[in-house]
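Each chain gets a letter, A, B and so on, in the order the sequences are listed, and its residues count up from 1. Remember, it's a predicted structure, so these values are computed and weren't measured experimentally.
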There are 2 protein chains.
Amino acid sequence: MVTMQQVADRAKVSISTVSFVVNNTKPVTPETRERVLQVIDELGYRRNRAARALASRKSRILALIYPMLDHRNNHAFVESAATAAEERGYNLVLWPLHSDNVTTEIASLIEAGFADGVLLMEVQLDDERVSRLREAQAPFVLIGRTRELAGIDYVDIDFERTTQTAVDELAKLGHRDLALVLEDLRGTPLAGYAPPIRTEQAFREAVAARGLAGTVFHVAHDSGSISALPAELASSAPQTTAIVSMHDAASLALLSALPRRGIEVPRDLSIVTIGTTASLAALSQPPLSTYEAPGHVLGRAAAEALIARLEGRDGPATQVLVPCALHPGASMGPAPARA
Amino acid sequence: MVTMQQVADRAKVSISTVSFVVNNTKPVTPETRERVLQVIDELGYRRNRAARALASRKSRILALIYPMLDHRNNHAFVESAATAAEERGYNLVLWPLHSDNVTTEIASLIEAGFADGVLLMEVQLDDERVSRLREAQAPFVLIGRTRELAGIDYVDIDFERTTQTAVDELAKLGHRDLALVLEDLRGTPLAGYAPPIRTEQAFREAVAARGLAGTVFHVAHDSGSISALPAELASSAPQTTAIVSMHDAASLALLSALPRRGIEVPRDLSIVTIGTTASLAALSQPPLSTYEAPGHVLGRAAAEALIARLEGRDGPATQVLVPCALHPGASMGPAPARA
DNA sequence: TTGTAGGCGTTATCAG
DNA sequence: CTGATAACGCCTACAA
């Protein structure tokens, strides 16, 4: 391993000078700078992260709390967060956090100087982990939102706006009778998970404001509940011409079951999903029209917000909401002529 | 931050003694040991990773090469690898590796002392990254297998055995005419991806050895190709009664399209998938019978193998193959009575 | 069994 | 603008 000292010797400067050019931390004359850079290149010198971390008291590591309960849509997010971090000289570590020792773990993470800050995903409306992070004085950024948001940095999907947009779009296509399909998360670890809650509220408000009809279905995750949905829809809301779905399995089930009931998508019924990835569309036949979760944008934004905080640009909290963009599929179309 | 010195002072021992008890690196009398532990607890002392890394020349960090091209089935894997690492005092960092600078990046990763070893997923049959890792003398473990395997540590799904098992199982159910559906990866970044290649070969051998008929379909990833599959199946292999699929979108498409052609699953046709996760079964109606990728087992095995190597237990290479286990769904059944 | 002391490779403070 | 020189917190021979 090449050390800074070796570079300094070879370039006939002091070790501090090498540090200055490497870190751009103090002005150096172009000539010496050039010479040092040259030697660095010749020798293939690289800063040692451990030494750097020890001396600077900064690990340049961001911890991403793991496991993630919702394994469906966060790949893009994680990937972009890792990339954004790396671009700025940070790295993302996966931090498996077991529910039994949340308190200890979160504190130790920062106190031990291992990570400089924390990224927390899949936040519940009331999330113990967030309280712990505040107590531990740990710099953190949420992906998602808790109920209380004062002074908290977060980035999240703008479910409210996405829902409104979806409803608007459907209304524009002539749909008057909508339905919203949500996962029923009662009794699961995701029980307090905010997205469906926010979406339901936004949906009810949106349809009310526009004078539309809107039925909400909470569908559990078991095969029975899912396969019962088409029948339930037919019986309790037969006039529905458009479905907004946040329940992937249900979306697919509808897509394959409806034709057998003589209902063609999108001719007789439109389906759009919210907060999904394009990969769901790739799995469905016809491809689902999806309001795609902006995972890449959010991952990057989260990492950048955290790094900004770590580097002292304090200012007001970063509070970013990004709506989902429509990934056009083939499951949304104009409302059928009314009977 | 509490330092070792502070613990030592308070416990009235030297700093080295604290180190010895903390690391179990030298015998210490039970009394002193107890006393030290006590103080550690009182003060909430935690080792500083940076200092430890610097002094010991070990970062205790495993780098997981990222991004992963195949975003479908590796969540379980990543999660388990992170957990297994953490249990042993290591951490997993996500290392975004861009194809343009593979060489530099991989070398620097290790040379800079940032990571002790590397985990590499989604290995191609001939993978440049593997060559680089060898050149850089970096300890690494593959998840997957290259063509050349001498002396290489890897863990992988046993596609061969899984395929044989699947074929056996179907044969036992009376099926004589099988089909294999694979993704056509030509022209994609995953072109040399080994799983479909190995599976195809295993499938051909298995059906031949058992005197069964076996047709292979390579289906591209576009919606057109996928939706054309049912028709293609009907025309070029109409006698097929069982399908083995490694193409998720195609599996789902078949499931929803076949009934419209008067073919009921599994009454008239069985479908089993290979190397998928249970979440696919959760998305399908009826739930697909899946030979589930052993992501958790492999993730853990990979991390453990790498750590073992890092800690000097050299011995022969770890070469682990784990077959997929059948996650019973409702898409596999006895062959229909022959016409 | 326990203590002493010299690194590990950088950063950062202070002089020059 | 450049150079000495203390830290940073821990590990690990080597001594006692």
**Q** Output one line per pair: protein atom, nucleotide atom from nucleotides 13-16 of chain D, and distance, for all N/O pairs under 3.5 Å.
**A**
unit_1: D:dC14; atom_1: N4; unit_2: B:K26; atom_2: NZ; d: 3.2

**Q** Looking only at heavy atoms, which two atoms of B:I61 and A:F114 are closest? And how far apart?
**A** CD1-CE1, 4.2 Å
**Q** Taking only side-chain N and O atoms of A:R52, does any of them lie within less than 4.0 angstrom of OP1 or OP2 on C:dT11?
**A** yes
**Q** Has A:S14 got a side-chain N or O lying under 4.0 Å from the OP1 or OP2 atom of D:dT2?
**A** no
**Q** Looking at B:R132 and B:E128, is there a salt bridge between them, counting it only when a charged N and a carboxylate O are closer than 4.0 Å?
**A** yes
**Q** For residues 38-50 of chain B, which residues have at least one heavy atom under 4.0 Å from DNA chain D?
**A** B:Y45, B:R46, B:R47, B:N48
**Q** Please state whether the phosphate of D:dT2, meaning OP1 or OP2, lies under 4.0 angstrom from any side-chain nitrogen or oxygen of A:T32.
**A** yes
**Q** OP1 or OP2 of C:dT11 sitting under 4.0 Å from any side-chain N/O of A:N23?
**A** yes
**Q** Suppose we screen for side-chain contact (heavy atoms from CB on, under 4.5 Å). Which residues come up paired with B:R52, at least two apart in sequence or across chains?
**A** B:N23, B:R47, B:R60
**Q** Check each residue of residues 53-61 of chain B for a non-hydrogen atom within less than 4.0 Å of any atom in DNA chain C, then write out the ones that pass by number, or none.
**A** B:L54, B:A55, B:R57
**Q** When you check the gap from the basic side-chain N to the acidic O, do A:R145 and A:D156 get nearer than 4.0 Å?
**A** yes
**Q** Return no unless some side-chain N or O of A:T3 is found under 4.0 Å from OP1 or OP2 of C:dC8.
**A** no
**Q** At their closest point, which heavy atom of A:A115 faces which heavy atom of A:A63, and how far apart are they?
**A** CB-CB, 3.9 Å
**Q** For B:V13, which contact category applies under a 4.0 Å heavy-atom criterion: base, sugar-phosphate, or nothing?
**A** sugar-phosphate
**Q** Which pair of heavy atoms, one from A:V123 and one from A:Y193, lies closest together, and at what distance?
**A** O-CD1, 3.8 Å
**Q** Would you say B:T17 places a side-chain N or O within less than 4.0 Å of OP1 or OP2 belonging to C:dG3?
**A** yes
**Q** To the nearest 10°, give me the bend of the helix from C:dT1-D:dA16 to C:dG16-D:dC1, comparing the axes of its five terminal pairs at either end.
**A** 30°
**Q** List in chain and number order the residues that pass side-chain contact (heavy atoms from CB on, under 4.5 Å) with B:P294, two or more places apart in sequence or in another chain; answer none if no residue qualifies.
**A** B:I157, B:V297, B:L298, B:V322, B:C324
**Q** Would you check if B:Q124 and B:T146 make a side-chain contact, meaning some heavy-atom pair closer than 4.5 Å?
**A** no
